[in-house]
Amino acid sequence: MKFVWIGFVAVFLFCANFVQAVYPETVSTDTRKILFVHDGEQNGPTAFEERFRSVFRDTGIAFDEVAAGNADSVDISQYRAIVIHSMVMAFNAKSPVRDWLKRSPDLAGSKTFLFVTASRWFNDELSGELTALLKKDGSEVVDAVSQATKKLSLAEKDDLVARQVEKLKM
């Protein structure tokens with residue numbers, strides 16, 4: 001009976017190592033949290049900020065969050081990845097995330113996931129500018145999504161966020 005247990009444990013360990021080797025992105029040993037940086041809540045939480053919080057909690061991803069205006073005091077090295085959400089606000093060039101990135105936070109070696117939303121216009125422009133700033137600061141931009149959201153249903157918006165968060169499982 002003792003040999004049966006030893007054999008079982010050996011097979012289990014072999015399978016676990018095989019899965020790790022073949023699908024390394026599915027088994028993460030990095031237990032650090034995700035940092036969620038967003039423009040900030042001008043008039044209460046935005047729908048996308050709420051969606052990200054909900055999907056993080058529903059999928060069991062540990063996270064901290066900070067508004068971009070307060071992000072200078074955060075030690076980026078304590079996080080395994082950074083999810084950044086910025087949005088085009090009312091046809092103006094205001095972007096707290098862009099202002100934060102222009103202050104050159106220490107992002108060297110960080111894995112970042114950029115998510116830019118807008119009702120229709122200027123989202124690609126903001127996304128391009130933010131991506132360039134992230135790369136200039138030495139971040140590894142794993143994914144950058146720019147999405148016009150005016151005609152998306154709530155379910156489509158939820159799916160968009162869920163697909164973005166799924167990419168964090170590295």
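Just so you know, these numbers use all the heavy atoms, side chains as well, and skip hydrogens, waters and symmetry mates. The structure displayed is predicted, hence computed values, not measured ones.
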K.L.:
To check you understand the geometry: which heavy-atom pair defines the closest contact between A67 and G40, and what is its length?
P.N.:
CB-CA, 3.8 Å

K.L.:
Thinking salt bridges, do R163 and D159 make one under a 4.0 Å N-O criterion?
P.N.:
yes

K.L.:
Could you grab the distance from atom CD1 of I82 to atom OG of S110, nearest 0.5 Å is fine?
P.N.:
4.0 Å

K.L.:
Quick check for you: to the nearest 0.5 Å, what is the distance between F113 atom CZ and F52 atom CZ?
P.N.:
10.5 Å

K.L.:
If you count the non-hydrogen atoms of other residues, nucleotides and ligands that lie under 6.0 Å from NZ in K136, is the total more than 12?
P.N.:
yes

K.L.:
Can you name the closest pair of heavy atoms from S127 and L114 and give their distance?
P.N.:
O-CD2, 3.8 Å

K.L.:
Is a side-chain N or O of D64 found less than 3.5 angstrom from the main chain of L35, in a donor-acceptor match?
P.N.:
no

K.L.:
Between T112 and S139, do the side chains contain an N or O donor and an N or O acceptor separated by less than 3.5 Å?
P.N.:
yes

K.L.:
Checking the side chain of S54 only, and the main-chain atoms of R51 only, is there a donor and an acceptor separated by less than 3.5 Å?
P.N.:
no

K.L.:
Over all heavy atoms of both residues, which pair between W100 and P105 is shortest? Give the atoms and the distance, please.
P.N.:
O-CD, 3.3 Å

K.L.:
Suppose we screen for ring pair (Phe, Tyr, Trp, His ring centres under 6.0 Å). Which residues come up paired with F48, at least two apart in sequence or across chains?
P.N.:
H85, F115

K.L.:
Give the minimum heavy-atom separation between L134 and L101, together with the two atoms involved.
P.N.:
CD2-CD2, 3.7 Å

K.L.:
When rounded to the nearest 0.5 angstrom, what distance separates OH in Y79 from CZ in R32?
P.N.:
10.5 Å

K.L.:
Main chain of S153, side chain of E156: is a donor-acceptor contact present, judged purely on distance under 3.5 Å?
P.N.:
yes

K.L.:
List the residues meeting salt bridge (Lys or Arg N to Asp or Glu O under 4.0 Å) with R57, not counting sequence neighbours, and say none if there are none.
P.N.:
none

K.L.:
Using the six-membered ring wherever Trp is involved, compare the ring planes of F63 and F56 and label them parallel, tilted or perpendicular (cut-offs 30° and 60°).
P.N.:
tilted

K.L.:
Any salt bridge linking R53 with E50? Criterion: basic side-chain nitrogen under 4.0 Å from a carboxylate oxygen.
P.N.:
yes

K.L.:
If I compare all heavy atoms of I61 with all of R80, which pair ends up nearest, and what's the gap?
P.N.:
CG2-NH2, 4.4 Å

K.L.:
Taking all atoms of both residues into account, what is the closest heavy-atom pair of L130 and S86, and its distance?
P.N.:
CD1-CB, 3.7 Å

K.L.:
Heavy-atom distance under 4.5 Å between the side chains of V142 and E140, does that happen here?
P.N.:
yes

